[in-house]
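In what follows, every heavy atom counts, from backbone to side chain, and hydrogens, waters and symmetry copies are set aside. Small disclaimer: the values here were computed from a predicted structure and weren't measured.
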Amino acid sequence: MKRQMHHSKIFKIDGVGINLERFAPVKNSDEKNVLRKEKGYSSEDFILIYTAEFIPRKNHKLLFDILPILKKKIPELKVILCGKGELLEYYKEYAQQNNMNYVLFTGYTKEVDLYCRLSDVCVSTSLQEGQGLNLVEGMASGLPLVASSIRGHNDVIKQYENGLCFNLNSSDSLISAILLLYKNPALREEMGERNVEEAKKYSVEIAVEHMKAIYNEIM
């Protein structure tokens, strides 16, 4: 009988790794505007993107609750929601009934990277996350982050440096975070530039190297 080996040591790596060639920032505003035009957006639009499965844990409800308030304060607001899930049709109908024609539901899409590059802010209202891959994809695309203050998000966001964490119990804190970035394009740009550098540690290549080192240690 073979003797089984058990290891109690816990190893930590920075996520599963993302493709930094795919998720990369636009080179300049002209490139961004070309992408926007292709998808029917204008250079004046202020675009939020949330990539998440439509399930209760992702807490789309909070985002939809504040959208009417945000739209009044940000007339050029647009929202891109990438993902599928059990609640997708419910929110499509909800948006239609509430005249939210500024919300795009992409469903499952292979163009998440494109939608990230043409957006202004990456958001997440999730109730629970391991790390939040959507945030890392947003970071690599040069976007500032606005996300719920939970484990996983707090590991990725350095408050007021590369993004803003908000209190899940306060919709006002979410509104304030988005408005702060809306009113401060320079701050958005600074946070986005930091995120491009920060995202490098989440690359596929580094994740593979870390896993290789772990396997070499335990084998």
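Side chains of L81 and L63 form a contact here, defined as non-hydrogen atoms less than 4.5 Å apart. Contact check for P144 versus V121: side-chain heavy atoms found under the 4.5 Å cut-off. By the 4.5 Å heavy-atom criterion applied to side chains, E129 and R57 are counted as neighbours. Under the 4.5 Å side-chain criterion, counting only non-hydrogen atoms from C-beta, N195 is in contact with L145. Side chains of I74 and L179 form a contact here, defined as non-hydrogen atoms less than 4.5 Å apart. Under the 4.5 Å side-chain criterion, counting only non-hydrogen atoms from C-beta, S126 is not in contact with N59. Counting heavy atoms from C-beta on, the side chains of Y94 and L87 never come closer than 4.5 Å. Residues F166 and I178 have side chains not in contact (no heavy-atom distance under 4.5 Å, counting atoms from C-beta outward).
Closest approach of F23 and S141 over heavy atoms only: CD2-OG, 3.8 Å. When every heavy atom of V196 is checked against every heavy atom of A140, the shortest pair comes out as CG2-O, 4.2 Å. Here the closest heavy-atom approach between residue G107 and residue L88 is recorded as CA-CD2, 4.4 Å. K39 approaches E111 most closely through the heavy-atom pair NZ-OE1, 2.8 Å. When every heavy atom of E198 is checked against every heavy atom of M139, the shortest pair comes out as CG-CE, 3.3 Å. Nearest heavy-atom pair, S124 versus H153, reported as atom, atom and distance to 0.1 Å: OG-CE1, 3.1 Å.
No more than 12 heavy atoms of other residues, nucleotides or ligands sit less than 6.0 Å from atom CD of E44. Within a 6.0 Å radius of NZ in K158, no more than 12 heavy atoms belonging to other residues, nucleotides or ligands are found. More than 12 heavy-atom neighbours from other residues, nucleotides or ligands sit within 6.0 angstrom of CD on Q159.
A salt bridge is absent between E197 and R194: the closest approach of a Lys/Arg side-chain nitrogen to an acidic carboxylate oxygen does not fall below 4.0 angstrom.
Checking side-chain atoms of R117 against main-chain N and O of P25 turns up no donor-acceptor pair under 3.5 Å. No donor-acceptor pair under 3.5 Å is formed between the side chain of E189 and the backbone N or O of P185. At distances below 3.5 Å, at least one donor-acceptor pair connects side-chain atoms of Y50 with backbone N or O atoms of K58. Without hydrogens or angle criteria, K84 side chain to F54 main chain gives no donor-acceptor distance under 3.5 Å.
Under the side-chain contact (heavy atoms from CB on, under 4.5 Å) test applied with S119, the options I47, D45, L35, L48 reduce to a single match, I47.
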query: Does the salt bridge (charged side-chain N to carboxylate O under 4.0 Å, His left out) test come out yes or no for D65 and K61, once each step is laid out?
result: CA-CA 6 Å; D65 284 347; K61 181 182 184 303; 2.8 Å; yes
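Figure legend: cation-pi geometry between K78 and Y41 absent, as NZ or CZ is not positioned both under 6.0 Å from the six-membered ring centre and within 45° of its axis.
Side-chain contact, E76 with Y182: a donor N or O sits under 3.5 Å from an acceptor N or O.
Less than 6.0 angstrom separates the ring centroid of F64 from the ring centroid of Y91.
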